[in-house]
Amino acid sequence: EAQVTQNPRYLITVTGKKLTVTCSQNMNHEYMSWYRQDPGLGLRQIYYSMNVEVTDKGDVPEGYKVSRKEKRNFPLILESPSPNQTSLYFCASSSRLAGGIGELFFGEGSRLTVL
Amino acid sequence: AQSVAQPEDQVNVAEGNPLTVKCTYSVSGNPYLFWYVQYPNRGLQFLLKYITGDNLVKGSYGFEAEFNKSQTSFHLKKPSALVSDSALYFCAVSNDYKLSFGAGTTVTVRA
């Protein structure tokens, strides 16, 4: 079954404690990306990756890091989480089209609370 | 910079009536346009996309959208809404590999 898998699905942590949210896809997609969803703001892109070892900033990259060492994995790293990073996070993947991306396949979401 | 506006936070319709969810965008170059839906407590699902070609795009669950270049709009439509269409709808625009979403429109279809 084609899917994007995120872990953990729920996490409560404290300010400053480093954490990683993993994301894995089994569709051999070149493109992967991370979003955060906040009420009234929709989804905002954090980082995206067009292929292995190629990453770029989205609209809200501050406080986050990513890496793309393998095609299937795209972890999101919060080096020193702060309460304003409390949010619902989605990972997504897509095939690349000429000049852009195709439809996104989303993970189930990871709800993060930073105390 | 690219952006998406969904001017209505909420849309309420009666079952069986037409449903329209509005979206306008701003982007340089030729846009890729998308609609996604989020059902309560679930992830996001793709509905339809416009890349090129016919301005009227048909998608999943009986939805369609019309691309209007002069008005920079991409409104989502369904001729006859169902209670099960109640959800949060997002319009998105992509230019190159960056993707921007609107704030979302909550659709409530009453029986």
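So you know, we letter chains A, B, ... as the sequences are listed, proteins then strands, and number each from 1.
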Check: Between K49(B), Q45(B), Q38(B), which residue shows the highest count of heavy-atom pairs closer than 4.5 Å to chain A?
Finding: Q38(B)
Margin query: On a heavy-atom basis, which atom in F34(B) and which in I101(A) lie closest, and how many Å separate them?
Written below: CZ-O, 3.4 Å
Notebook entry, point to check: Got a sec: does the CZ of R111(A) have more than 12 other heavy atoms crowding it under 6.0 Å?
Noted result: no
Item checked: Test item: Y48(A) side-chain N/O and Y97(B) main-chain N/O as donor-acceptor pair under 3.5 Å -> no
Note to self: Sub-4.5 Å heavy-atom contacts with chain B: which residues of residues 12-21 of chain A show up?
What the structure shows: none
Next item on the list: Could you look at L104(A) and say if it's the side chain, the backbone, both or neither that has a heavy atom under 4.5 Å from chain B?
Entry: both
Notebook entry, point to check: Side chain, backbone, both or neither: which part of Q6(B) has an atom under 4.5 Å from a heavy atom of chain A?
Noted result: neither
Notebook entry, point to check: Where along residues 69-91 of chain B does a heavy atom come under 4.5 Å of chain A, listed by residue number?
Noted result: L88(B), F90(B)
Check: What residues of residues 98-111 of chain B sit under 4.5 Å from chain A when you count only heavy atoms?
Finding: K98(B), L99(B), S100(B), F101(B), G102(B), A103(B)
Margin query: Clusters formed by hydrophobic residues whose side-chain heavy atoms approach within less than 4.5 Å: which one holds M27(A), and what are its other members?
Written below: V4(A), F105(A)
Next item on the list: Pick whichever of R44(A), K57(A), Q45(A), E108(A) has the most heavy-atom pairs under 4.5 Å with chain B.
Entry: Q45(A)
Checklist line | Within-4.5 Å side-chain heavy-atom neighbours: L43(A) and L44(B) | finding: yes
